[in-house]
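Some notes on the structure that comes next.
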Amino acid sequence: MAEARVETSVPEIRTVGVDGMLVSFGSRLSEPANRAALAFRAALAKESWDGVEEVSSSLVSAYVRFDLRHLNDADLRMRLENLLAQRDWYAAGLPDKRRLWRIPAVFGTDLAPQLPQAAEAAGMTEAEAVASLSSARVRVQTIGFAPGQPYLGELPEAWDIPRQSQLTSRIPEGALAVAIRQLVLFSVATPTGWMHAGQTAVRLFRPEAEEPFLLRPGDEVQFTSVTPEELQGLRRDPLGGAKAEDLA
């Protein structure tokens, strides 16, 4: 996959409210910008600066929330600038302790009724669409919108398809939806404009667990095609058949 060109005006440090700063590596999603955001967020966590209360990442940015009683705006900005200058974050390695998840999914059928629509938009037959989506190994680019919910990408260019102009009134928990070269694996039932192409039995948000979110930013995911009957059996598994292996 060809890398998108990195914008020359970034990275950019911006103030967010009275106690936050955002370090942005692009104005739109690209592999290098997402890589930089993930790597910079991991570096911030390792720094463990006094006064920093939270670090997180979005698709192309890293966020820092700080305690004004222990760290002022100017000092934090200087530290961020110094850390940015230490390396080319667009070429940085991804965070440690990443995992590759293989998650069973039904593509199409009554469980994922918009596969035909998504396949047509991508210029594929349904069989080609299933083969493409199940062979793609995608990165958890960020967690957002709902607890534990991953945005996964990037898919091949054929999947640069638009979201729907009208919302689907309800997409179930575990639904796998596609648009704009990304997959979203839904952690809750919700309305959406993304096309429902697959269905899993995985629980992404487990408030009772030591780690409530199953997936982490930087993890990789591949979906394995199963039948509706196989998926029904996997619903008895707390992980819905999802299995993980450590990445080097």
Side-chain angles (χ1 to χ4, degrees), residues 1-17 20-49 52-66 71 73-101 132 135-145 149-161 163 178-185 213 215-222 244-248:
M1 178 178 64
E3 291 190 352
R5 183 169 55 188
V6 175
E7 300 164 72
T8 58
S9 60
V10 291
E12 179 183 8
I13 303 173
R14 289 175 286 178
T15 300
V16 180
M21 284 196 177
L22 193 70
V23 182
S24 296
F25 294 90
S27 60
R28 59 185 177 83
L29 178 61
S30 68
E31 196 284 332
N34 181 249
R35 172 182 291 270
L38 293 173
F40 194 73
R41 183 262 172 215
L44 286 169
K46 287 182 180 178
E47 290 292 329
S48 298
W49 293 329
V52 170
E53 297 191 324
E54 177 188 357
V55 294
S56 59
S57 61
S58 65
L59 290 173
V60 298
S61 302
Y63 170 73
V64 184
R65 182 169 61 86
F66 61 102
L71 188 60
D73 185 286
D75 186 32
L76 178 58
R77 182 177 290 270
M78 181 181 66
R79 293 187 188 190
L80 291 172
E81 290 173 347
N82 289 339
L83 187 58
L84 283 170
Q86 289 182 13
R87 64 182 308 173
D88 177 3
W89 293 98
Y90 298 99
L94 290 165
D96 296 334
K97 298 182 179 179
R98 296 188 309 123
R99 300 156 300 175
L100 169 61
W101 287 90
S132 177
S135 65
R137 187 161 147 174
V138 288
R139 178 191 302 161
V140 178
Q141 298 167 319
T142 192
I143 301 289
F145 180 76
Q149 181 166 299
Y151 287 76
L152 305 159
E154 286 187 301
L155 291 170
E157 285 188 27
W159 291 106
D160 192 12
I161 60 178
R163 289 175 287 239
V178 62
I180 54 176
R181 293 188 70 181
Q182 290 175 289
L183 292 165
V184 175
L185 184 54
F213 294 177
L215 304 181
R216 305 175 194 143
D219 281 354
E220 295 183 15
V221 179
Q222 187 165 13
E245 61 186 78
D246 293 334
L247 290 171

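Take Arg216 and apply the side chain to side chain donor-acceptor pair (under 3.5 Å) test, not counting sequence neighbours, and it matches Glu211. Not counting sequence neighbours, Trp159 has no partner by the ring-ring contact (aromatic ring centres under 6.0 Å, His included) test. With sequence neighbours left out, the side-chain contact (heavy atoms from CB on, under 4.5 Å) criterion links Arg163 to Ala179, Ile180, Trp194. With sequence neighbours excluded, no residue forms a salt bridge (Lys or Arg N to Asp or Glu O under 4.0 Å) with Glu47. By the salt bridge (Lys or Arg N to Asp or Glu O under 4.0 Å) test, Arg14 is found to be paired with no residue, residues two or more places apart in sequence or in another chain being considered. Scored by the side-chain contact (heavy atoms from CB on, under 4.5 Å) test, Arg79 finds Trp49, Leu71, Asp75 as partners (sequence neighbours excluded). Residues that satisfy the salt bridge (Lys or Arg N to Asp or Glu O under 4.0 Å) test with Lys97, not counting sequence neighbours, are absent from this structure. For Ala92, the side-chain contact (heavy atoms from CB on, under 4.5 Å) test picks out Ala39, Arg87, Trp89, with sequence neighbours left out. Taking the salt bridge (Lys or Arg N to Asp or Glu O under 4.0 Å) definition, one finds that Glu81 meets it with nothing, sequence neighbours left out. Gln182 meets the side chain to side chain donor-acceptor pair (under 3.5 Å) test with Gln141; sequence neighbours excluded. Shown here are the side-chain contact (heavy atoms from CB on, under 4.5 Å) partners of Val60, two or more places apart in sequence or in another chain: Leu29, Ala33. In this structure Tyr151 satisfies the ring-ring contact (aromatic ring centres under 6.0 Å, His included) test with no other residue, sequence neighbours excluded.
Scanning both residues, Ser135 and Ser132, for their nearest heavy atoms gives OG-O, 3.1 Å. Scanning all heavy atoms of the two residues, the minimum distance from Leu215 to Val221 falls at CD1-CG2, 4.3 Å. Of all the heavy atoms in Thr142 and Ser58, the pair that sits closest is OG1-CA, 3.3 Å. Nearest approach of Leu59 to Ala37, heavy atoms of both residues: O-CB, 4.3 Å.
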Worksheet item: Does the pair Leu84 and Phe25 meet the rule for a side-chain contact (heavy atoms from CB on, under 4.5 Å), with working shown?
Response: CA-CA 11 Å; Leu84 283 170; Phe25 294 90; 3.8 Å; yes
Practice prompt. Begin with the C-alpha distance, continue with both residues' side-chain angles, and end with the deciding distance and a verdict on side-chain contact (heavy atoms from CB on, under 4.5 Å) for Leu152 and Val140.
Written response: CA-CA 5 Å; Leu152 305 159; Val140 178; 3.6 Å; yes
Worksheet item: Step by step, would you call Asp73 with Met21 a side-chain contact (heavy atoms from CB on, under 4.5 Å)?
Response: CA-CA 9 Å; Asp73 185 286; Met21 284 196 177; 3.2 Å; yes
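Remark: the backbone N or O of Gly218 is paired with a side-chain donor or acceptor of Arg98 at under 3.5 angstrom.
At least one side-chain heavy atom of Pro11 sits less than 4.5 Å from a side-chain heavy atom of Tyr90. Residues Leu155 and Val178 meet the side-chain proximity criterion, which asks for heavy atoms closer than 4.5 Å. Looking at heavy atoms from C-beta onward, Ile13 lies out of side-chain contact with Leu22 at the 4.5 angstrom threshold. Residues Val55 and Phe40 form no side-chain contact, since every pair of their non-hydrogen atoms from C-beta on lies 4.5 Å or further apart.
Taken to the nearest 0.5 Å, the CG atom of Leu80 stands 9.0 Å off from the CZ atom of Phe66. In this structure, Leu247 CG and Arg99 CZ are separated by 9.5 Å, a value rounded to the nearest 0.5 Å. Annotation: the span from Glu154 atom CD to Glu31 atom CD amounts to 8.0 Å, rounded to 0.5 Å. Atom-to-atom distance recorded for Leu100:CG and Glu220:CD is 6.5 Å, nearest 0.5 angstrom. The distance from the CZ atom of Arg65 to the CG atom of Leu76 is 12.5 Å, given to the nearest 0.5 Å. For the atom pair CZ (Arg137) and CD (Gln222), the distance works out to 7.0 Å, reported to the nearest 0.5 Å.
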